[in-house]
A.B. asks: 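Encoded as structure tokens, here's the structure I'll be asking about.
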Amino acid sequence: MVAVAISGLHGAGKSTAAKALAKRFKSLRYICAGDIFRELVKEKGMTLKEGQRYAELHPFIDQMIDRKIADAARGGKVLIDARLAGWMAKKADLKIFLTAPIKVRVKRIAQREGRRYRDVYEETVKREKSEAKRFKKLYNIDVNDYSIFDIVLNTERLSLAETTKILAAAIEAVMKRRR
């Protein structure tokens, strides 16, 4: 029973890589915290931005999502895609953190969403500061401490195929070890 936790900064390629890996490793159930959050926001009739503000004021939102992640990891045979996956999935067999410089991440987000770089930059910086504060208060997590991760990978100069190849090799090694 293998549990893989993929964490990362916004725009570093976390969800893109996780989805590619989920296609490759069909025996692992794919769980995405972002999807859980977006579904919750949709049920409440909010925009994503409104949902983020609501989560800042109502800690139970983060706690509910994070509990689902922790529970899924305990069950094994899962690939978890979440900002806090590495911290919440304490018993994960492999913890991965994806990063890239802020300028690269913002450019990716702006292109993906068809938005202005400057707007995305300001929003991303504000969002990450808000999350860091929220997660410190809720869980005493320092989101800038990557020491719990088995792999920390800068995706700035890597294509999706290259990132996936590196991570797939690590997952395969863990799966062989766990057999």
A.B. asks: Mind running side chain to side chain contact (heavy atoms under 4.5 Å, CB included) on Arg29 and Lys77 for me, showing each step along the way?
C.D. replies: CA-CA 6 Å; Arg29 188 169 40 105; Lys77 289 190 176 183; 6.0 Å; no
A.B. asks: What is the ring orientation for His58 with Phe60, classed by angle as parallel under 30°, tilted 30 to 60°, or perpendicular over 60°?
C.D. replies: perpendicular
A.B. asks: Given the rule that I, L, V, M, F, W and Y join up when any side-chain heavy atoms are under 4.5 Å apart, are Ile31 and Val2 in one cluster?
C.D. replies: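 No, Ile31 and Val2 fall in different hydrophobic clusters.
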A.B. asks: What distance do Arg38 atom CZ and Met46 atom CE have between them, rounded to the nearest 0.5 Å?
C.D. replies: 15.5 Å
A.B. asks: Backbone N or O of Ala85 within a donor-acceptor pair of the Ser7 side chain at under 3.5 Å?
C.D. replies: yes
A.B. asks: Decide side chain to side chain contact (heavy atoms under 4.5 Å, CB included) for Thr164 and Lys23; before the verdict, give the C-alpha distance in whole Å, the side-chain angles of both, and the deciding distance to 0.1 Å.
C.D. replies: CA-CA 11 Å; Thr164 303; Lys23 284 181 185 175; over 6 Å; no
A.B. asks: May I ask you to test the Leu153-Phe97 pair for a side-chain heavy-atom distance under 4.5 Å?
C.D. replies: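 With C-beta onward as the side chain, the pair stays apart.
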A.B. asks: Hey, is Asp71 close enough to Lys68 for a salt bridge, meaning N to O under 4.0 Å?
C.D. replies: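 Result for this pair is no, no salt bridge flagged.
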A.B. asks: Can you name the residues that form a side chain to side chain contact (heavy atoms under 4.5 Å, CB included) with Ile102, not counting sequence neighbours?
C.D. replies: Arg105, Val106, Tyr121, Thr124, Val125, Glu128
A.B. asks: Can you check whether Val78 reaches Val4 side chain to side chain, under 4.5 Å on heavy atoms?
C.D. replies: no
A.B. asks: Identify the heavy atoms of Ser15 and Asp81 that sit nearest to each other, and give their distance.
C.D. replies: OG-OD2, 2.8 Å
A.B. asks: Could you grab the distance from atom CD of Glu39 to atom CD1 of Ile65, nearest 0.5 Å is fine?
C.D. replies: 11.0 Å
A.B. asks: Please determine if Glu122 and Lys126 form a salt bridge, counting it only when a charged side-chain N lies under 4.0 Å from a carboxylate O.
C.D. replies: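 Salt bridge between Glu122 and Lys126, a charged N being under 4.0 Å from a carboxylate O: no.
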A.B. asks: Answer yes or no: is there a side-chain heavy-atom contact under 4.5 Å between Leu98 and Leu9?
C.D. replies: no
A.B. asks: Do the side chains of Met175 and Leu167 join up, straight or via other hydrophobic residues, at under 4.5 Å, putting them in one cluster?
C.D. replies: yes
A.B. asks: Between Ile141 and Ile6, is there a shared hydrophobic cluster once you connect ILVMFWY residues whose side-chain heavy atoms come closer than 4.5 Å?
C.D. replies: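 No.
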A.B. asks: Quick one: does Glu131's side chain get under 4.5 Å of Val143's, heavy atoms only?
C.D. replies: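 Side chain of Glu131 against side chain of Val143, heavy atoms only: no contact under 4.5 Å found.
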A.B. asks: Would you say the side chain of Phe135 lies within less than 4.5 Å of the side chain of Arg83, judging by non-hydrogen atoms?
C.D. replies: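 Yes, side chains in contact.
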A.B. asks: Tell me the closest heavy-atom pair linking Thr155 and Ala12, and the distance in Å.
C.D. replies: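 What the structure gives for the nearest pair is OG1-O, 2.6 Å.
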A.B. asks: Ignoring hydrogens, what is the shortest heavy-atom contact between Tyr30 and Lys19? Give both atom names and the distance.
C.D. replies: OH-CG, 3.5 Å
A.B. asks: Kindly compute the distance separating NZ (Lys165) from CD (Glu162), expressed to the nearest 0.5 Å.
C.D. replies: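 Reported value, rounded in 0.5 Å steps: 8.5 Å.
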A.B. asks: Provide the closest heavy-atom pair for Tyr146 versus Val152 in the form atom of the first, atom of the second, distance.
C.D. replies: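 Of all heavy-atom pairs spanning Tyr146 and Val152, the closest is CB-CG2, 3.9 Å.
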A.B. asks: With rounding to the nearest 0.5 Å, note down the distance linking CG in Leu48 to CZ in Arg53.
C.D. replies: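 One finds 10.5 Å between CG of Leu48 and CZ of Arg53.
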A.B. asks: Looking at every heavy atom in both Ala100 and Val104, which two are closest together, and how far apart are they?
C.D. replies: CB-CG1, 4.3 Å
A.B. asks: Group every Ile, Leu, Val, Met, Phe, Trp and Tyr by side-chain heavy-atom contacts under 4.5 Å, then state whether Ile148 and Tyr139 land in the same group.
C.D. replies: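 Yes; Tyr139 is reachable from Ile148 via cluster members.
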A.B. asks: Using the side chain to side chain contact (heavy atoms under 4.5 Å, CB included) rule, take Leu40 and Met64 through it: C-alpha gap first, then chi angles, then the decisive distance, then the call.
C.D. replies: CA-CA 11 Å; Leu40 182 70; Met64 179 197 66; 3.8 Å; yes
A.B. asks: Does NZ in Lys136 sit with more than 12 non-hydrogen atoms of other residues, nucleotides or ligands closer than 6.0 Å?
C.D. replies: yes
A.B. asks: Does Glu50 offer a backbone N or O that forms a donor-acceptor pair with the side chain of Thr47 under 3.5 Å?
C.D. replies: yes
A.B. asks: So Tyr54 and Ile61, side chain to side chain contact (heavy atoms under 4.5 Å, CB included) or not? Walk me through it.
C.D. replies: CA-CA 8 Å; Tyr54 184 81; Ile61 299 292; 3.8 Å; yes
A.B. asks: Considering only heavy atoms from C-beta outward, does the side chain of Pro101 approach that of Asn154 to under 4.5 Å?
C.D. replies: yes
A.B. asks: Which pairs pass side-chain hydrogen bond (donor to acceptor under 3.5 Å, both in side chains) with one or both residues in residues 85-104, sequence neighbours excluded?
C.D. replies: Asp93-Arg178
A.B. asks: So do the side chains of Asp62 and Phe37 get within less than 4.5 Å of each other, counting heavy atoms only?
C.D. replies: no
A.B. asks: What's the separation between atom OG1 in Thr163 and atom CG in Leu158, rounded to the nearest 0.5 Å?
C.D. replies: 4.5 Å
A.B. asks: What closest approach, in Å, do Ala73 and Ala89 show between heavy atoms, and which atom pair accounts for it?
C.D. replies: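 Closest pair (atom of Ala73, atom of Ala89, distance): CB-CB, 3.4 Å.
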A.B. asks: Under a single-linkage definition using a 4.5 Å side-chain heavy-atom cutoff for Ile, Leu, Val, Met, Phe, Trp and Tyr, are Ile166 and Leu28 assigned to the same hydrophobic cluster?
C.D. replies: yes
A.B. asks: May I ask you to say whether Glu123 pairs ionically with Lys49, meaning some side-chain N is under 4.0 Å from a carboxylate O?
C.D. replies: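 Yes, Glu123 and Lys49 are salt-bridged.
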A.B. asks: Tell me whether Glu113 contacts the main-chain N or O of Ala110 through its side chain, where contact means a donor paired with an acceptor under 3.5 Å.
C.D. replies: no
A.B. asks: Closer than 4.0 angstrom, basic N to acidic O: yes or no for Lys176 and Glu172?
C.D. replies: no
A.B. asks: State, yes or no, whether a side-chain contact exists between Ile151 and Leu94 at a heavy-atom distance under 4.5 Å.
C.D. replies: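 Of all side-chain heavy-atom pairs linking Leu94 with Ile151, at least one is under 4.5 Å.
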A.B. asks: I'd like to know if the side chain of Arg108 and the backbone of Gly11 have a donor-acceptor N/O pair within less than 3.5 Å.
C.D. replies: yes
